[in-house]
Amino acid sequence: GKFGFHIDNTIGATPQKNTWEKTWPDFFIKHRYHAMLDKCSNLGFSDSEVKEVEEVIRRVLSEVDVVPSLLHGDLWGGNGAFVEGGEPVIY
């Protein structure tokens, strides 16, 4: 499968690229980890520290068999509510 989406989106006001990648670790590292570090000037981490964390992410995400699926990845309080009768819902 492929990981990504045919359109980009945002997390809050921050744009997110969703370019297709062949593996979940490749997608996450490129479009979430490195993208956020780029916006934050690497948070003061050295290049070797960035690479070390990337290697951990790749190892951990490679240890599970992930099937591409559509999911809502911006869960916050504004995405939840209660329907009549008090049952919680997430949207």
H6 to W20 - nearest heavy-atom pair and separation: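 Distance-wise, the nearest heavy atoms are N-CZ2, 3.6 Å.
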
Heavy-atom side-chain proximity of [X] to [Y] below 4.5 angstrom:
X	Y	result
V56	V53	no
F45	L37	yes
M36	R32	no

To the nearest 0.5 angstrom, please state how far the [atom1] atom of [X] sits from the [atom2] atom of [Y].
X	Y	atom1	atom2	answer
K17	F5	NZ	CZ	15.0 Å
S62	I57	OG	CD1	11.0 Å
Y33	E54	OH	CD	7.0 Å

How about [X]: does its [atom1] atom have over 12 heavy atoms from other parts shown lying under 6.0 Å from it?
X	atom1	answer
D38	CG	yes
L43	CG	yes
E63	CD	yes
E49	CD	yes

Just by distance, do the side chain of T10 and the backbone of A13 share a donor-acceptor pair under 3.5 Å?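 Looks like no, no N/O pair under 3.5 Å.
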
Is the closest basic N to carboxylate O distance between R58 and E55 below 4.0 Å?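 Between E55 and R58 there is no salt bridge, as every charged N stays at least 4.0 Å from the carboxylate O atoms.
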
Note: E21-K30 ion pair, threshold 4.0 Å (strictly below):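 Yes, charged N to carboxylate O under 4.0 Å.
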
Candidate pair N18 and N9, rule side-chain contact (heavy atoms from CB on, under 4.5 Å), full reasoning: CA-CA 7 Å; N18 291 313; N9 65 339; 3.0 Å; yes

Using side-chain contact (heavy atoms from CB on, under 4.5 Å), reason through L61 and I29 one step at a time and then give a plain yes or no. CA-CA 10 Å; L61 295 183; I29 289 167; 5.7 Å; no

Angle class for the F27/H31 ring planes (parallel below 30°, perpendicular above 60°, tilted otherwise)?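 Answer is tilted, since the angle falls between 30° and 60°.
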
Cluster link V67 to L70, ILVMFWY, side chain under 4.5 Å: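 Different hydrophobic clusters.
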
